[in-house]
Structure formats: structure tokens, C-alpha cells
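Reviewing the structure listed below.
The basis for the numbers below is simple: all heavy atoms, side chains too, and nothing from hydrogens, waters or symmetry mates. Residue numbers count from 1 along this sequence. Atoms within a ligand are numbered from 1 in the order they appear, just like the ligands themselves.
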Amino acid sequence: MTLATLTDVLATAAERTKAVGAFNVFSIEHAEALVAGAEQAGTDVVLQVSQNAVRYHGALRPIGLATLAIAEAASVRAVVHLDHATERSLVDQAVELGFTSVMFDASALPYQENVAETAAVVTQCRAAGISVEAELGEVGGKDGVHAPGARTRPDEAVRFVAETGVDALAVAVGSSHAMTERTAKLDLDLIAELAAAVPVPLVLHGSSGVADDEIVRAVAAGMTKINIATHLNAVFTDRVRSVLGDNPAMVDSRKYLGPARDAVAAEVARLLTLLAS
Ligand code: G3H
Ligand code: ZN
């Protein structure tokens, strides 16, 4: 049993000015690949199930329980995290299933409402021994519209953490969700300013659009959790496309899903090694 809370793995990473990779689970193959990659790298890992993935499956329970079972069998520490939940009922389900962390995303609400909603989630999760990540400043791209211009104000971030009691904070510093080119330029001065002022670990969302060297600079400046989803989806799909392209008569789905899972595991191992180095 190697389930860990987000608070525990981020504390270990922050002590060493390193970061933990957090990757999204869309199917059981993704969860298996993320754990295999972390075991190859010998590092902690965060497996996240987003509200959008729950919508795709129609329920949290099947994909959530599969992810928990895979994480529990890992030989490294694995966090099972609910990602970008805007609905309280989903938080209730994650707590009940045994998730070790949730991200409650009320960043689209006005500041005071974001504080009130997030603080209530913290009270609930604290009682269950679960970590809470929240977002302030609204990282763009969740609705398909890239908005790398959003920024989190350090003074507001300090106040937000004090008023809510969150364990980690997602901040807007130049990345945007769902980019397929790794060309985002981060505001590294702002990351350093936020890291110096905010007493909890910072989270970089939309990291698929950030190149390796820029990720390394972001970690050095103070980012502790690096969220990557689209990039690994591209790795998975590229491999499926190439296997099927080479074998047009193939019908056994294990024969193209297996190589795709292996490709994701290798890229996860590479990314986790980069974040831990
Ligand atoms: O919460 C998930 C991440 O922020 C992933 O974003 O798909 O742009 O890497 P991405
Ligand atoms: Zn995100």
C-alpha cells in the first residue's frame, strides 16, 4: 500500500527544490503507464482524474477505483488526486472512494466566493486526512481558448492561502491548458515572487505547452507540482496511430493499446527524472 497525500509528496520535493509530476488518467492504460513510469524513475507520482474525465466515463467510481487499485500496488508513493473539480458532489465522492487529494477549482468565481467555497472543501477534506489544491488567477485554456496572459497577484495569493487553509496553490504565470506546441514563455520573476511569499507549494497547470528547459527554470524558481496531460495524450495517440498505420488488419486492441501504454510510461519516466534532477 503506497498511497500518499499530496501534502506529503510535495513537502519532500519542496525540501530539495525539486518537483513532482502530476499526470492525467483517462483510461486504465494511462494509470498503468503513469505508475510504470514512476517505478522506472524511482520517484513519487500524482495520478489525477479530472472532472472532464469523469464526464467522459459518466461516473467517478469505475475509473477512480481502478486508479486507486493501481496506485496502491505501486512500489513508489502515488497520490490519487481529483483534478479541476468545480462540483462539490464530486469532492464528496472522491473523499468516499479514498482519494488522497482533491483540487477544487473555483477560480472562475469572484475572489470572495472562491475563498468561501474552497474553505468549505478544506474543512471537509482536512477531517478526512485529504490534501486540497485550489486555484487563484484562472489558468487559461480550460474552455479551449488559450489565455496565457492571466496572472496571479502575490498579495492576493498570500491572503487566499491564509483565508482558505489550502495545501497547494495553482497559479497563473503564463501557461495555458491543452497546448500542443511546447512554446509557452513563463513569467519566471513572478514564480519566484510567489514562491517567496506564499507558504504552500505552487502548482503549474497547462505544462504540456512548456518545453523541458522552461520547466526546469520554473522548478528552480519555485514550482513544486507540474501538471501534464495533453502532451502524454499526444504520445499515446501517436503510438496508436503508427501501430495501426503499420498494421491495417490489426483488430486486437491490446496490440495497439499496449505499445501506447509503454510509450507513455517511457515519457513519464523521462519527465519525472527531469523534475527530480
Ligand atoms: O490539470 C491538468 C493540467 O493542467 C494539464 O494541462 O493538458 O495543458 O498539460 P495540459
Ligand atoms: Zn489544469
Using heavy atoms and a threshold below 4.0 Å, how should the contact between N233 and ligand 1 be classified: side chain, backbone, both, or neither?
neither
T224 side chain to K18 main-chain N or O, any donor-acceptor pair under 3.5 Å?
no
Should you measure from each heavy atom of H84, which atoms of ligand 1 turn up under 4.0 Å away?
1 (O)
Is the ring pair H30/F236 parallel, tilted or perpendicular, if the boundaries are 30 and 60 degrees?
parallel
Per atom 4 (O) of ligand 1, closest listed option by heavy atom (A170, A234, S50, G206):
G206
Round to 10° and report the angle made at the Zn ion (ligand 2) by ND1 of H205 and NE2 of H177.
120°
Which atom name does H84 have for its N/O/S atom nearest to the Zn ion (ligand 2)?
NE2
Find all atoms of ligand 1 within a distance of less than 4.0 Å from any non-hydrogen atom belonging to I228, and give their numbers and elements.
9 (O)
For A178, state whether at least one heavy atom is located under 4.0 Å from any atom of ligand 1.
yes
Counting heavy atoms under 4.0 Å, the part of A229 that contacts ligand 1 is both
Should the proximity of Q48 to ligand 1, defined as any heavy atom under 4.0 Å, be assigned to the side chain, the backbone, both, or neither?
side chain
Have a look at ligand 1 and work out which part of H231, if any, has a heavy atom under 4.0 Å from it: side chain, backbone, both or neither.
neither
Number the atoms of ligand 1 from 1 as they appear, then name those within less than 4.0 Å of a heavy atom of T230, with their elements.
7 (O), 8 (O), 9 (O), 10 (P)
Can an N or O of M179 be found at a distance shorter than 3.5 Å from an N or O of ligand 1?
no
Any Lys/Arg nitrogen of R270 or D212 sitting under 4.0 Å from an Asp/Glu carboxylate oxygen of the other?
yes
N24 versus ligand 1: do any nitrogen or oxygen atoms come within less than 3.5 Å of each other?
no
Note: S207, heavy atoms under 4.0 Å from ligand 1, region reported as backbone
Take Y56 and Q51 through the side-chain hydrogen bond (donor to acceptor under 3.5 Å, both in side chains) test and state the conclusion after the steps.
CA-CA 9 Å; Y56 165 73; Q51 185 167 305; over 6 Å; no
Under a 4.0 angstrom heavy-atom cut-off, which atoms of ligand 1 come close to S208?
7 (O), 8 (O), 9 (O), 10 (P)
